[in-house]
Amino acid sequence: MFPQHERIRFVGVRLINAAWAIRESQHAIEADKAILFGTQVFVQSAKRWALDSKYIPIPGPTQLPFIGRIHDLPREYAWLKFKEWSDKHGPMYLTSMLGTKLLVLSDESIVEDLLVKRGKIYSDRPSMRSLVDSKSTHGSMEYLPLMGKNQYWARQRKWAHLSISKSTKAEYHGVMDYEVKRMLFKLTEQPDEPQFLLEDMASRIMCTLAWDQPEVSRKNTIDARDLLHQISPCGPITNVLTPLWHLPFWINPWKKAEKYERHDPLHAWQTERFNDVKLKIAKGTSRPSWARRFLEQDQSGLSSEKEAASCVGMLALMGVLTVGGPLQYFLVSMVHHPEWFKKCQQEIDEVCKGRMPTLQDSPRLPILRACIKETIRWRPNIPTGVGHEVMEDDVYNGHFIPKGTRILPLEWAILRQESKYPDAWNFHPERFLEPGWPTYREPLTQYPTIKGMSPFGWGQRTCIGVGLTEDEVFMGCGGIAWGFDIGFKYDEQTGEKIDVPTDKSNSLLIIRPDKFEMSILPRSKERRLAIEELWHEALDAQVE
Ligand code: HEM
């Protein structure tokens, strides 16, 4: 078989020859077009040939013309296929999907070299096909995490970062404390709904921080899921068969649905939330929120109320499904590793002497932090990682990486690197607690921490919500271990154990476990009473 560039060159030369022949005849215009096309093909293939002979080719699965490997990348559990290829082709391999080059990385040091050390040129985002102007190239200013590396991204990231860290210090610990107590109380009433209650807690916290409107949490969760669906490979077909997106609007059902069913209503709703805050400020009844921070204190970073409403709305969406993942997976890992759940409970009992843990207890609860961190490693809820895009041609270890290549830090594989995580497929919180494991770090009052962990991203685009996540997951999981015993359920008729699968989830970019059944009961009558009391106290304090 000839290499692909040879075949292209051959076709190019034949086309030019044929075109000259036609030109000799009477079809001069068609012939000119054909000559142009043939020349382009020729030049491209010559360039490609020059590159191939100068640089070491990047390994990867054999590519079919035009489609690449789109045909055998499953829409479900795609990270498993990416990992399979990485086991076969190595920690850095190249594949392509309908002409888009995808460089898949599964070694932390390579990701560090490219996305961190060369972050200056590796911090752009790939365009999301089924959103309009996802990168904000044309100034839509709507999707902070998806924006290209441009002025809108720089100023929104700065503003959002500041808003989150300001609220960390000031009021959000109170918000978390309140919402965790509410969630624990609700769990005593609805023990079969832990997944809903945990996700709703995350959404209520975000809606309070964004607009001081926890009551809109359910709609916020639905919106987060809709947006996620829109950008995930298993979402609209236009994310895979990308040319379909370019059909004219009037015959394009995907563009119409995106505009009329998702984008415009969400935009109107978020603007309404923002205007409600304005109204409350005017009446003197507003409480702290990110929207109020913009309206009252810091308008310097953003261009307009419209931009602020989008930025705040985006933050409200960002913290729901992301944080909901580890909260739910904590239950999954604990039910399968009851010895570790027991250890968390014993640690909390010893340190907190019967009361619910608070953030101030965190330095003295390393086992709880280790179980949370190991949960995020063992079941990362963004298993494919979030893609970056390289902005200039680059050469790495003798390999040529052309501008526009998408870079995928494949977390599912990175977090299973045996050199860093021995016995990586199994759940071992002790890897963060006992000297001798590569990931052990002291002092245990500070480590383990999820800050700096790879599932929160790389370089200039790292997650700005990791601190908030750490506190929220610590409070939520600590509260459950303090208040409840968990275990498998048994079928009433057959007596058989009902399994809680560890490997069943959706396949969106951010995943969560499929609906599971589990027994979650207060640890004792006294504990149930304590949970009720705490909640009523929190409610009373809120009313005052
Ligand atoms: C378990 C929880 C979370 C996980 C696993 C997570 C993970 C990530 C990842 C992987 C990225 C992309 C990093 C990269 O491109 O290298 C990211 C970006 C981002 N995250 Fe998070 N995140 C979480 C929670 C949150 C929360 C609670 C917020 C906000 C309130 C948040 C706000 C953001 C924002 C605004 C970005 C975009 C940063 C940028 O593009 O410059 N995240 N997150």
Side-chain angles (χ1 to χ4, degrees), residues 105 111-112 114-116 119 122-126 128 134-136 142-150 152-168 172 175-176 198-199 201-203 205-210 220 224 227-228 231 289-290 310-330 372-373 375-377 379-389 406-412 414-415 450-474 476-477 509-512:
L105 309 178
V111 188
E112 189 87 21
L114 296 181
L115 300 192
V116 183
Y122 279 86
S123 299
D124 204 5
R125 283 274 189 245
M128 294 292 150
S134 69
K135 291 179 74 165
S136 213
E142 286 179 0
Y143 306 102
L144 166 59
L146 307 176
M147 284 180 190
K149 195 184 164 189
N150 55 32
Y152 310 109
W153 165 73
R155 71 187 185 206
Q156 284 200 19
R157 183 176 164 99
K158 196 168 160 204
W159 188 87
H161 207 319
L162 211 64
S163 299
I164 293 176
S165 54
K166 291 239 178 232
S167 52
T168 312
Y172 95 55
V175 175
M176 274 182 198
L198 289 169
E199 213 168 73
M201 177 186 84
S203 192
I205 290 174
M206 294 317 295
C207 293
T208 311
L209 295 176
N220 190 54
L227 175 59
L228 188 61
I231 62 171
S289 66
W290 291 327
S310 289
C311 184
V312 170
M314 195 63 229
L315 288 179
L317 296 178
M318 285 297 290
V320 183
L321 307 176
T322 49
V323 183
L327 286 169
Q328 295 174 62
Y329 275 119
F330 179 77
I372 292 170
K373 184 163 182 174
T375 295
I376 295 177
R377 185 203 69 82
R379 288 292 173 267
N381 69 323
I382 313 185
T384 52
V386 174
H388 289 213
E389 192 171 286
R406 293 178 178 201
I407 318 288
L408 206 64
L410 183 63
E411 289 303 330
W412 186 252
I414 292 170
L415 294 165
I450 61 172
K451 291 197 185 99
M453 222 186 155
S454 67
F456 292 91
W458 302 88
Q460 298 183 3
R461 302 301 298 238
T462 42
C463 176
I464 56 174
V466 61
L468 200 156
T469 304
E470 181 158 70
D471 292 345
E472 190 174 335
V473 176
F474 174 85
C477 298
L509 180 70
I510 304 174
I511 62 168
R512 66 167 177 189

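Counting starts at 1 for both ligands and their atoms, following the listed order.
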With a 4.0 Å cut-off on heavy atoms, is [X] touching ligand 1?
X	answer
M206	yes
R125	yes
G325	no
A160	no

Identity and separation of the nearest protein heavy atom to [atom]:
atom	value
atom 18 (C) of ligand 1	C463 CA, 3.7 Å
atom 26 (C) of ligand 1	G465 CA, 3.7 Å
atom 13 (C) of ligand 1	R461 O, 3.1 Å
atom 38 (C) of ligand 1	R157 NH1, 3.3 Å
atom 34 (C) of ligand 1	M318 CE, 3.6 Å
atom 4 (C) of ligand 1	F456 CE2, 3.4 Å

message: Quick check on side-chain contact (heavy atoms from CB on, under 4.5 Å): which of L410, L408, L114 does L105 satisfy it with?
response: L114
field: Among E199, R512, M201, side-chain contact (heavy atoms from CB on, under 4.5 Å) partner for L327
entry: M201
Kindly compute the distance separating [atom1] ([X]) from [atom2] ([Y]), expressed to the nearest 0.5 Å.
X	Y	atom1	atom2	value
E470	M453	CD	CE	10.5 Å
F456	K451	CZ	NZ	10.5 Å
F474	I450	CZ	CD1	11.5 Å
C207	L317	SG	CG	8.5 Å
E411	I376	CD	CD1	11.5 Å

Indicate yes or no: does an N/O atom of [X] lie under 3.5 Å from an N/O atom of ligand 1?
X	answer
W153	yes
T322	no
Q460	no
T469	no
H388	yes

Please work out whether any backbone atom (N, CA, C, O) or any side-chain heavy atom from C-beta onward of [X] is under 4.0 Å from ligand 1, and answer side chain, backbone, both or neither.
X	value
P455	backbone
L146	neither
P326	side chain

Backbone N or O of [Y] within a donor-acceptor pair of the [X] side chain at under 3.5 Å?
X	Y	result
N220	M206	no
R157	L144	no
N381	G324	no
H161	I464	no
K135	R125	yes
W458	L115	no

Which of the numbered atoms in ligand 1 are under 4.0 angstrom from any heavy atom belonging to [X]?
X	result
W458	14 (C), 16 (O)
G457	10 (C), 13 (C), 14 (C), 16 (O)
V323	2 (C), 27 (C)

field: Heavy-atom nearest neighbour of atom 29 (C) of ligand 1 within options I164, L317, I510
entry: I164
